[in-house]
**Q** 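This structure is in structure tokens; I'll ask about it shortly.
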Amino acid sequence: MTSNDTTAARAADDLTAGGWALPAGAVGTHRFTPKFEAVIAGLQARLTALGGTEGPVWHPPVLSRSLIDRAEYAESFPHLLGSVNAMEEDADGVVLAPAACYPVYTGLADGTVEEQAHFDVAGYCYRHEATSELGRFRSFRMREFVTVGADEPVTAWRDGWIERAGKLFAELGVAVDIVSATDPFFGPGGRFMRASQLEQDLKFEFVAKVSPEDPGTAIASANCHKDHLGARFAVRLPGGDTAHSACAAFGLERIALALINAHGDDLNDWPALAAALPTPGSPA
């Protein structure tokens with residue numbers, strides 16, 4: 001067992017000892033307790049209020065292979081993509097969703113966005129992470145706010161979410177570093193565009209500690225996709241230009257881990273989230 005594996009095992013044991021999670025028998029997965037789910041419910045309520053919506057539309061955990069191919073995800077990250085095999089061959093086939101937002105573009109594909117559109121979505125996602133570090137979940141939940149429209153208002157919307165998310169984490173007592181990063185949405189050319197993406201500040205990650213020995217893990221991000229997904233899905237503006245898109249994405253389990261790391265195992269010590277937390281075992 002490597003030192004990283006030992007650290008990961010110790011962090012998982014601490015979650016179990018704190019009453020948050022139980023082993024699930026597969027790498028990158030856990031069984032979460034009502035105590036942990038109460039934190040997720042409280043976090044979801046805060047995100048709904050922050051987004052000014054009625055709550056997210058939940059997307060299924062699988063996508064058609066043709067959709068993910070159109071988005072060019074597999075070309076960049078084939079090692080992260082999980083496929084679903086069936087006893088009988090399927091002409092199209094399905095894959096496990098690597099992000100919650102892709103069905104948004106299916107609904108807009110080959111059409112025109114008459115005015116800036118906004119979406120609040122969530123879903124169970126899967127990425128075949130190679131490490132066992134705490135927070136590198138293979139199966140996880142993602143909450144995303146998405147906008148599609150013209151370049152400048154889409155970028156302004158993304159910038160607004162950077163400010164909003166930063167204030168949210170400050171209110172929750174989670175210390176974050178906001179760092180520029182690169183985005184997998186840009187497909188196979190993305191690796192050649194890394195410097196350009198960083199120069200254009202297209203992606204910002206909110207990095208926090210999810211365990212005492214964690215050097216930092218991205219728990220949320222705010223991203224501009226430019227017109228990449230608009231072009232891939234043929235989404236147009238009224239004048240015929242390709243639509244731009246952006247999203248603010250929140251990894252629910254990772255944020256919960258950051259909260260646990262910041263505040264400890266006793267929910268009574270969590271005043272910033274306490275008002276939104278249902279009692280474990282009561283209706284959310």
Side-chain angles (χ1 to χ4, degrees), residues 1-50 56 61 100 122-143 165-166 168-177 205-221 249-284:
M1 180 178 288
T2 67
S3 60
N4 285 343
D5 290 335
T6 300
T7 300
R10 184 165 58 247
D13 289 343
D14 290 343
L15 275 185
T16 298
W20 301 104
L22 298 168
V27 174
T29 64
H30 295 275
R31 292 179 290 153
F32 294 114
T33 65
K35 181 181 178 181
F36 189 94
E37 290 304 310
V39 173
I40 295 293
L43 177 59
Q44 288 276 47
R46 290 295 296 267
L47 289 172
T48 296
L50 192 65
Y124 278 85
C125 303
Y126 180 90
R127 295 177 188 172
H128 198 73
E129 296 281 2
T131 69
S132 58
E133 298 167 17
L134 188 67
R136 292 289 177 185
F137 296 105
R138 289 185 175 180
S139 176
F140 58 93
R141 284 163 286 186
M142 185 179 289
R143 179 80 177 266
L168 172 66
F169 291 128
E171 291 171 0
L172 295 179
V174 174
V176 296
D177 292 322
E205 292 181 337
F206 297 83
V207 177
K209 293 173 70 70
V210 300
S211 68
E213 298 177 307
D214 179 29
T217 298
I219 61 173
S221 64
F250 298 84
L252 299 180
E253 287 89 352
R254 285 186 179 183
I255 296 173
L257 291 180
L259 284 163
I260 294 167
N261 182 68
H263 301 302
D265 293 330
D266 188 348
L267 289 175
N268 292 319
D269 295 334
W270 294 31
L273 196 58
L277 287 175
T279 302
S282 68

**Q** Taking all non-hydrogen atoms of both residues into account, name the closest pair between M142 and C125 and its distance.
**A** CB-SG, 3.9 Å
**Q** If I take atom CD from residue E205 and atom CG from residue D177, how far apart are they, to the nearest 0.5 angstrom?
**A** 11.5 Å
**Q** From R136 CZ over to D214 CG, what is the distance, rounded to the nearest 0.5 angstrom?
**A** 8.5 Å
**Q** Looking at CD1 of I260 and CG of L267, how far apart are the two atoms once the value is rounded to the nearest 0.5 Å?
**A** 8.5 Å
**Q** Assess whether side-chain contact (heavy atoms from CB on, under 4.5 Å) is satisfied between L172 and L259, documenting all intermediate values.
**A** CA-CA 8 Å; L172 295 179; L259 284 163; 3.9 Å; yes
**Q** Could you check if a side-chain atom of L47 sits within less than 4.5 angstrom of a side-chain atom of L252, using non-hydrogen atoms only?
**A** yes
**Q** Please evaluate residues V210 and I219 with respect to the criterion side-chain contact (heavy atoms from CB on, under 4.5 Å), reporting the C-alpha separation (whole Å), side-chain torsions for both, the decisive distance (0.1 Å), and the verdict.
**A** CA-CA 9 Å; V210 300; I219 61 173; 4.1 Å; yes
**Q** Backbone N or O of G135 within a donor-acceptor pair of the R254 side chain at under 3.5 Å?
**A** yes
**Q** Would you be so kind as to tabulate the donor-acceptor pairs closer than 3.5 Å made by side chains of residues 18-33, with sequence neighbours excluded?
**A**
| unit_1 | atom_1 | unit_2 | atom_2 | d |
| --- | --- | --- | --- | --- |
| W20 | NE1 | D265 | OD1 | 2.7 |
| T29 | OG1 | A26 | O | 2.7 |
| R31 | NE | P23 | O | 2.7 |
| R31 | NH2 | P23 | O | 3.0 |
| T33 | OG1 | G19 | O | 2.7 |
| T33 | OG1 | W20 | O | 3.1 |
| T33 | OG1 | K35 | N | 3.4 |
| T33 | OG1 | F36 | N | 3.3 |

**Q** Can you tell me how far CG of L43 sits from OG1 of T48, rounded to the nearest 0.5 angstrom?
**A** 9.5 Å
**Q** What's the shortest heavy-atom distance between A208 and A258, and which atoms?
**A** CB-CB, 4.3 Å
**Q** Looking at CZ of F250 and CZ of R46, how far apart are the two atoms once the value is rounded to the nearest 0.5 Å?
**A** 11.5 Å
**Q** So does A122 get a backbone contact from the side chain of R143, meaning a donor-acceptor N/O pair under 3.5 Å?
**A** no
**Q** F206 and L168: side-chain contact (heavy atoms from CB on, under 4.5 Å), yes or no, with the steps?
**A** CA-CA 11 Å; F206 297 83; L168 172 66; over 6 Å; no
**Q** Under the criterion side-chain contact (heavy atoms from CB on, under 4.5 Å), I'd like the reasoning laid out for L134 against D14: C-alpha separation, chi angles, the key distance, then a yes or no.
**A** CA-CA 11 Å; L134 188 67; D14 290 343; over 6 Å; no
**Q** Say whether, by atom type as modelled, one donor and one acceptor occur between the side chain of W270 and the main chain of G264 under 3.5 angstrom.
**A** yes
**Q** Just by distance, with hydrogens left out, do S211 and R10 show a side-chain donor and acceptor under 3.5 Å apart?
**A** no
**Q** Give, for atom CG of N261 and atom CD of E213, the distance between the pair rounded to the nearest 0.5 Å.
**A** 10.5 Å
